[in-house]
Amino acid sequence: MIKLGLDCKLMRGTAGTTATTEMKNVKNVTLNLEKAEADITTRAASGWRVYAGTLKEASIEFEMLYDTEDADFTAILNAFLEGTALSMFVSDGSGNGLDCDVVITNCGQDQQLEEGVNVNVTARPTITGGETSRAPKWTTAGA
């Protein structure tokens with residue numbers, strides 16, 4: 001089924017738990033998923049270079065309006081400034097998506113003359129340590 005971006009959800013929460021608070025002050029969310037690669041070429045590849053996927057990598061990039069009265073903006077800014085982790089769930093709106101703890105690695109501002117101040121955020125998966133540690137996972141609705 002085709003999805004529209006406006007039907008998707010970005011959730012935030014406390015590190016170590018699945019995020020449950022929907023962030024409404026966001027736009028243009030991008031979930032980047034990549035795998036590193038290992039060259040596994042042998043003579044059996046008949047002159048072709050062949051690869052195996054190795055470690056997965058993710059980043060969550062989104063924009064939000066600069067609003068000091070918005071709890072989501074404040075949580076993101078504080079996590080960046082204090083170096084603390086949050087949990088995030090990037091969902092297609094039906095419960096499928098990436099569920100992980102993150103650190104905020106970018107929280108830059110775009111101050112256009114005729115626009116609202118935009119904050120460009122990048123979040124990257126992390127493991128916080130201790131009993132609440134959890135690895136990133138892909139969640140499938142109903143699974």
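No side-chain N or O of Glu34 forms a donor-acceptor pair with one of Asn32 less than 3.5 Å apart.
With sequence neighbours left out, Asp67 forms a side-chain contact (heavy atoms from CB on, under 4.5 Å) with Asn25, Glu69, Asp70.
Under the 4.5 Å side-chain heavy-atom criterion for Ile, Leu, Val, Met, Phe, Trp and Tyr, Ile104 and Leu77 are members of the same hydrophobic cluster. Under a hydrophobic clustering in which Ile, Leu, Val, Met, Phe, Trp and Tyr are joined whenever their side-chain heavy atoms come within less than 4.5 Å, directly or via other members, Leu81 and Met64 fall into the same cluster. Under the 4.5 Å side-chain contact rule for hydrophobic residues, Leu4 and Val26 do not share a cluster. Tracing side-chain contacts under 4.5 Å through hydrophobic residues (I, L, V, M, F, W, Y), one reaches Val29 starting from Val102; they form part of the same cluster. Clustering ILVMFWY residues whenever any of their side-chain heavy atoms sit less than 4.5 angstrom apart, transitively, puts Phe89 in a cluster other than the one holding Leu86.
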>> Pair Asn120, Asn106 - check side-chain contact (heavy atoms from CB on, under 4.5 Å), show working.
In response: CA-CA 7 Å; Asn120 301 303; Asn106 180 41; 4.2 Å; yes

> Hey, mind stepping through Arg134 and Asp99 against side-chain contact (heavy atoms from CB on, under 4.5 Å) and telling me if it holds?
Replying inline: CA-CA 10 Å; Arg134 60 195 194 111; Asp99 178 15; 3.1 Å; yes

>> Applying side-chain contact (heavy atoms from CB on, under 4.5 Å) to Met88 and Ile76, what does each step give before you reach the verdict?
In response: CA-CA 11 Å; Met88 284 197 165; Ile76 295 296; 3.6 Å; yes

> side-chain contact (heavy atoms from CB on, under 4.5 Å) between Trp138 and Lys56: does it pass, once the steps are laid out?
Replying inline: CA-CA 11 Å; Trp138 188 264; Lys56 294 180 280 296; over 6 Å; no

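Atom CG of Leu31 and atom OG of Ser59 lie 7.5 Å apart (nearest 0.5 Å). Here CD of Glu61 is found 8.5 Å from CZ of Arg124. Values are rounded to the nearest 0.5 Å. Between the NZ atom in Lys9 and the CD atom in Glu22 there is a gap of 4.0 Å [rounded to 0.5 Å].
Ion pairing between Glu37 and Lys35 fails under the 4.0 Å rule for side-chain N and carboxylate O. A salt bridge links Asp39 with Arg49: at least one charged nitrogen is closer than 4.0 Å to a carboxylate oxygen.
The environment of NZ in Lys3 is crowded: more than 12 heavy-atom neighbours from other residues, nucleotides or ligands sit within 6.0 Å.
Under a 3.5 Å cut-off, the side chain of Asp101 and the backbone N or O of Thr126 do not form any donor-acceptor pair. A distance-only check finds a donor-acceptor pair linking the side chain of Ser87 to the backbone of Thr17 [under 3.5 Å].
Using a 4.5 Å heavy-atom cutoff, the side chains of Asp110 and Val117 are not in contact. Looking only at side-chain heavy atoms (C-beta outward), Ile60 and Leu10 come within less than 4.5 Å of each other. A 4.5 Å side-chain heavy-atom check between Asp72 and Thr21 finds at least one atom pair inside the cut-off. Side-chain contact between Trp48 and Thr41 is absent, with no heavy-atom pair separated by less than 4.5 Å.
Closest heavy-atom contact between Pro125 and Ala58: CD-O, 3.2 Å. For Val119 against Cys107, the heavy-atom pair with the smallest separation is CG1-SG, 3.8 Å. The nearest pair of heavy atoms linking Ala19 to Gly13 is CB-N, 3.5 Å. Closest approach of Thr68 and Thr74 over heavy atoms only: O-OG1, 3.5 Å.
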